[in-house]
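When reading the values below, keep in mind they use all heavy atoms of this one structure, side chains included, and skip hydrogens, waters and symmetry mates.
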Amino acid sequence: MATIINSAAVSGITGFIVSVEIDITRGLPSFNMVGLADTAVRESKERVRSAILNSNFTFPVKRMTVNLAPANLKKEGSSFDLPIAIGILKATDQIYFDDSNEYLIIGELSLNGNINAVTGALPVVLEGISKGYKKFIVPLKNAEECSIIDDVEIYPFENLDQLINFIKFKDMLPFHNAKRKQKLDYTLNFSEVSGQSACKRAIEVAAAGNHNIILFGPPGSGKTMMAKRIPSILPDLSYDEAIEVTKIYSVTGKLLNNQLVTKRPFRNPHHTCTKTSLIGGSSKLLPGEVSLAHDGVLFLDEMLEFNKKCLEALRQPLEDKNVVISRASGNVLYPSDFMLVGALNP
């Protein structure tokens with residue numbers, strides 16, 4: 001009978017539940033992994049083997065099959081290391097984890113058994129909540145990120161030994177995030193601008209109505225200085241908006257201090273950026289600058305120096321407030337509702 005451990009993966013900024021099924025039978029020693037796994041997932045075989053042995057447990061010398069269900073969805077990343085290791089230990093009766101169906105587990109293992117952080121932990125927790133899960137086992141470095149959600153029990157661990165002890169004794173309380181509420185403090189404030197009354201009035205009108213704006217003037221007139229201070233006069237992010245922005249930064253690994261994003265984003269890409277970095281894409285279908293600026297400001301300094309294809313690619317995100325990235329490996333939808341601020345010289 002196969003052992004099942006609950007885990008999850010991320011597609012775009014949306015999580016989906018994955019059942020890690022482990023079946024160990026007699027036969028020639030082998031470790032087969034099925035379920036449309038990418039290279040990073042398939043490489044987990046060696047990480048799991050070394051982590052189990054270096055944590056003073058026994059790795060089974062039998063025929064072993066790991067299935068990641070549903071098998072029709074592509075699985076990416078290293079977050080399945082921990083559930084696979086727990087499933088192997090449970091299937092070989094080295095641990096007794098009778099209530100494993102109540103937990104959702106993610107984490108990357110190092111060769112010595114330490115549990116490393118993973119990207120996209122917040123979307124995983126949100127998806128787990130929607131599917132009725134309340135208990136989550138995550139890496140210690142993802143604890144603050146995952147605990148910004150209400151009414152969930154987060155159990156963070158630094159290595160495999162700590163997790164095994166918790167499974168045996170259940171002697172740990174859920175993690176409490178003491179830094180959850182942060183005070184907004186803008187280092188660049190619009191109130192610092194002296195003079196420029198006509199330009200300030202135009203920016204205030206654009207910010208109040210969520211309009212786009214182009215700043216036109218000679219070098220040194222203060223276009224960039226004022227543009228960088230626009231987020232300080234925009235309305236504060238609502239809780240739902242902050243969660244959505246945090247999900248985007250969680251997926252890309254750009255989440256600072258693993259805290260809820262409470263300030264409106266300000267993105268300032270260089271004029272030599274590519275269309276892929278601006279809109280998003282690459283082989284991993286990661287979000288671009290238009291999505292990283294969601295619910296914030298996208299500032300294009302020296303706007304006329306940008307590649308023509310990059311500027312034309314902004315039409316759909318500006319009109320639809322989202323961007324669909326389609327590649328041979330799949331397609332994802334990212335939100336991109338931003339305020340576009342351009343600056344150019346005469």
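- For T276 (side chain) and G281 (main-chain N/O), no donor-acceptor pair under 3.5 Å exists by modelled atom type.
- Residues A91 and I22 share a closest heavy-atom pair of CB-CG2, 4.4 Å.
- Using a 4.5 Å heavy-atom cutoff, the side chains of D38 and K74 are in contact.
- Remark: the backbone N or O of V138 is not paired with any side-chain donor or acceptor of N142 at under 3.5 angstrom.
- A salt bridge does not link E312 to K309: none of the charged side-chain nitrogens sits closer than 4.0 Å to a carboxylate oxygen.
- Residues V152 and I129 have side chains in contact (heavy-atom distance under 4.5 Å, counting atoms from C-beta outward).
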Legend entry - Working for side chain to side chain donor-acceptor pair (under 3.5 Å), residues T224 and D301: CA-CA 7 Å; T224 302; D301 201 3; 3.0 Å; yes
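- The environment of CZ in R49 is crowded: more than 12 heavy-atom neighbours from other residues, nucleotides or ligands sit within 6.0 Å.
- The main-chain N or O of V10 is never found under 3.5 Å from a side-chain atom of T14 such that the two would form a donor-acceptor pair.
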Inset, instruction - Any chance you could lay out the side chain to side chain donor-acceptor pair (under 3.5 Å) test for T25 and K62, step after step, and finish with the verdict? - result: CA-CA 6 Å; T25 58; K62 294 182 179 180; over 6 Å; no
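- Residues R264 and D236 are not paired through a salt bridge, judged by the lack of any N-O separation under 4.0 Å between the basic side chain and the carboxylate.
- Salt bridge status for R267 with E289: present, with a side-chain N to carboxylate O gap under 4.0 Å.
- Between I164 and S55, the closest side-chain pair of non-hydrogen atoms is not below 4.5 Å.
- Within 6.0 Å of the CZ atom in F166, the count of heavy atoms belonging to other residues, nucleotides or ligands exceeds 12.
- By the 4.5 Å heavy-atom criterion applied to side chains, V251 and P123 are counted as neighbours.
- In this structure a side-chain-to-backbone donor-acceptor pair under 3.5 Å is present from S110 to N114.
- No donor-acceptor contact under 3.5 angstrom links the side chains of Q259 and E145, judged on distance only.
- By the 6.0 Å contact criterion, CD on E158 is open, its count of non-hydrogen atoms from other residues, nucleotides or ligands being 12 or less.
- A side-chain donor-acceptor contact under 3.5 Å links T246 to the backbone of A242.
- The backbone N or O of S326 lies less than 3.5 Å from no partner atom in the side chain of N331, so there is not a single donor-acceptor pair.
- Using modelled atom types and a 3.5 Å distance limit, the side chains of N322 and S336 yield no donor-acceptor pair.
- Between E204 and K200 there is no salt bridge, since none of the side-chain N atoms of the basic residue sits less than 4.0 Å from a carboxylate O of the acidic one.
- The neighbour count for K141 NZ, taken as heavy atoms of other residues, nucleotides or ligands under 6.0 Å away, does not exceed 12.
- Residues S191 and N189 bring a donor and an acceptor atom of their side chains to less than 3.5 Å of each other.
- A donor-acceptor pair under 3.5 Å is formed between the side chain of T92 and the backbone N or O of I88.
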Inset, instruction - Begin with the C-alpha distance, continue with both residues' side-chain angles, and end with the deciding distance and a verdict on ring pair (Phe, Tyr, Trp, His ring centres under 6.0 Å) for F136 and Y155. - result: CA-CA 6 Å; F136 299 86; Y155 298 95; 9.5 Å; no
Inset, instruction - Decide ring pair (Phe, Tyr, Trp, His ring centres under 6.0 Å) for F97 and Y103; before the verdict, give the C-alpha distance in whole Å, the side-chain angles of both, and the deciding distance to 0.1 Å. - result: CA-CA 10 Å; F97 198 6; Y103 292 84; 5.6 Å; yes
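- A cation-pi arrangement is absent between K308 and F306, since the terminal nitrogen or guanidinium carbon is not both under 6.0 Å from the aromatic centre and inside a 45° cone about the axis.
- No chain of hydrophobic side-chain contacts below 4.5 Å, direct or via other Ile, Leu, Val, Met, Phe, Trp or Tyr residues, connects L300 to L215.
- The backbone N or O of L111 sits less than 3.5 Å from a side-chain atom of N54, completing a donor-acceptor pair.
- Side-chain N or O atoms of K275 include none that pairs as donor or acceptor with a backbone N or O of L311 at under 3.5 Å.
- Checked by atom type and distance alone, the side chain of E108 never pairs as donor or acceptor with a backbone atom of P139 at under 3.5 Å.
- Looking only at atom types and distance, the side chain of N345 has a donor-acceptor partner in the side chain of K223 under 3.5 Å away.
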